Amino acid sequence: MFTQPIPTLRREAESLVILDQTLLPFRSETRALRTLDDVAEAIRVMRVRGAPLIGATAAFGVAIALVREGGADAVLDKALATLAATRPTAVNLHWALERMARVLRPLPAAARIDAAWAEAAAIRDDDAATCAASGAHGLTVLEAIAARRAGPVRVMTHCNAGWLATCGAGTALAPVYAARAHGIDVEVIVSETRPRNQGLLTAWELRAAGVALTLIADNAAGLLLAEGRVDVVITGADRVAANGDAANKVGTSLKALAAHAAGVPFYIAAPHSTLDFACADGGAIPIEDRGADEVCRIRGTDADGALTDLRLAPADTRVANPAFDVTAARFITGIITERGIAPADELARLYPEHAR
Ligand code: MRU
């Protein structure tokens, strides 16, 4: 199974040690989270990010709250409410908190702390196994392309849905890593993903893994797709509705539309924790609005390698910063899950326990 070069999170005594993604790709530093507020802040400001990783981090956040303040109902309720309020779109966060609540609520207060650590670890391990299984299914898509075309399989992705976003190999990038392990030549076209530039995280992790990549400005995706320079688009998701509409990082839906127009297959890789069968369609998915600063400023390094924030637009500029958008099911060729690949509007076939 894929081993993360640096664990995205790990328990150390009564704290959670995370890889601080706000410093990547410039610096690779870990940070210890010791309180509920530390964990909530880390999720809110995106020190940890990516739907599955947010869920697992929140689960450990519940354990941290209980170990510091005791297992009483009031402590549990506060931890669940505080963490649930950090980010709205990725349903994995709410899935993980509901799973923690289901396990912990029936227990006496004294038994909740150990149970919380154990359940958070189970959520982390479940995600790693899920990434591996989805990667094996996604591999079949890349194998089919490699079988009919000479040269590298050219995969376009958006945002970061690699190991940095999960507790395992990633969602959209798991098939890429699986293909590499099977000796298939793969090249990834990585869009920078303004405003937070998660594409730079994707470029960083692919480069470290020795996977060929081409970094593009987001606006270049349409041309590359139209010119036949992409074999397949694979992105992750933050919430997939019952009808197969999928929310992912803003800009994803434009890639799906351009891929549809160019006849390029467009896949979403989404684990079970991202599927929201209680949400009828994409219109019901809450879209996170983030601050103007993310659009008006940019982070990089100066000539001396020092981390620097630059202002791109005046602070009082009127800004819209929706962090996600929704791709309609009809533009999605298939959803890659740990149970197999299904057309977006037939997802329930893979999850009969959720059929209505
Ligand atoms: O705002 P982020 O960086 O947490 O958003 C992440 C994404 O949108 C990912 O594409 C998504 O979580 C994919 S699943 C790993």
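First listed ligand is number 1; within each ligand, the first listed atom is number 1. This is a predicted model, so every value here is computed, not measured. Positions are given from 1, in the same order as the sequence printed here. We use all heavy atoms of the structure for the numbers below, so side chains are in, but hydrogens, waters and symmetry mates are not.
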Can you find an N/O atom of [X] closer than 3.5 Å to an N/O atom of ligand 1?
{"X": "Thr166", "value": "no"}
{"X": "Thr171", "value": "no"}
{"X": "Ala51", "value": "yes"}
{"X": "His158", "value": "no"}

Original post:
Is there side-chain contact between Thr130 and His272, with at least one heavy-atom pair below 4.5 Å?
Top reply: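 The answer is yes; the side chains approach within 4.5 Å.
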Original post:
Can you find a heavy atom in the side chain of Gln21 that is under 4.5 Å from one in the side chain of Leu164?
Top reply: yes
**OP:** Determine yes or no for a side-chain-to-main-chain donor-acceptor pair under 3.5 angstrom, with Asp38 supplying the side chain and Thr35 the backbone.
**Re:** yes
Subject >> Polar side-chain atom of Gln4 near backbone of Thr8 as donor-acceptor pair, under 3.5 Å >> reply: yes
**OP:** Name all residues meeting the side chain to side chain donor-acceptor pair (under 3.5 Å) criterion together with Arg180; count only those two or more places apart in sequence or in a different chain, and write none if there are none.
**Re:** none
Original post:
With a 4.0 Å heavy-atom cut-off (strictly under), which part of Asn160 contacts ligand 1: side chain, backbone, both or neither?
Top reply: backbone
Find all atoms of ligand 1 within a distance of less than 4.0 Å from any non-hydrogen atom belonging to [X], and give their numbers and elements.
{"X": "Lys249", "value": "1 (O), 2 (P), 5 (O), 8 (O)"}
{"X": "Gly236", "value": "13 (C)"}
{"X": "Ala161", "value": "13 (C), 15 (C)"}
{"X": "Gln198", "value": "1 (O), 2 (P), 3 (O)"}

**OP:** Compare every heavy atom of Pro271 with every heavy atom of Glu338, then report the nearest pair and how far apart it is.
**Re:**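 Scanning both residues, the minimum pair turns out to be OE1-CA, 3.5 Å.
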Subject >> Test side chain to side chain contact (heavy atoms under 4.5 Å, CB included) applied to Met156 and Ile216, Val190, Ile234, the passing residue >> reply: Ile216
Subject >> Stacked cation flag Lys255 on Phe266, 6.0 angstrom / 45 deg >> reply: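 No, cation not above the ring by the 6.0 Å, 45° rule.
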**OP:** Look at ligand 1 and say whether Thr235 reaches it with a heavy atom at a distance under 4.0 Å.
**Re:** no
Subject >> Any Pro52 heavy atom less than 4.0 Å from ligand 1 >> reply: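 Flag set, Pro52 near ligand 1.
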What's the shortest distance from [atom] to any protein heavy atom, and which residue and atom give it?
{"atom": "atom 8 (O) of ligand 1", "result": "Asp238 OD1, 2.7 Å"}
{"atom": "atom 9 (C) of ligand 1", "result": "Asn248 OD1, 3.5 Å"}
{"atom": "atom 3 (O) of ligand 1", "result": "Arg49 NE, 2.5 Å"}

Original post:
So which of Gln21, Arg87, Met46 gets nearest to atom 4 (O) of ligand 1, if we judge by its closest heavy atom?
Top reply: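 The residue whose heavy atom sits nearest atom 4 (O) of ligand 1 is Arg87.
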Subject >> Pick from Ala237, Ala165, Gly50, Ala172: the one approaching atom 13 (C) of ligand 1 most closely through a non-hydrogen atom >> reply: Ala237
**OP:** Please work out which of the three classes, parallel, tilted or perpendicular, describes the rings of Phe277 and Tyr351, given edges at 30° and 60°.
**Re:**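 Tilted, since the angle between the ring planes falls between 30° and 60°.
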Subject >> Partners meeting ring-ring contact (aromatic ring centres under 6.0 Å, His included) with His260 (sequence neighbours left out) >> reply: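 In terms of ring-ring contact (aromatic ring centres under 6.0 Å, His included), with neighbours along the sequence ignored, His260 is linked to Phe331.
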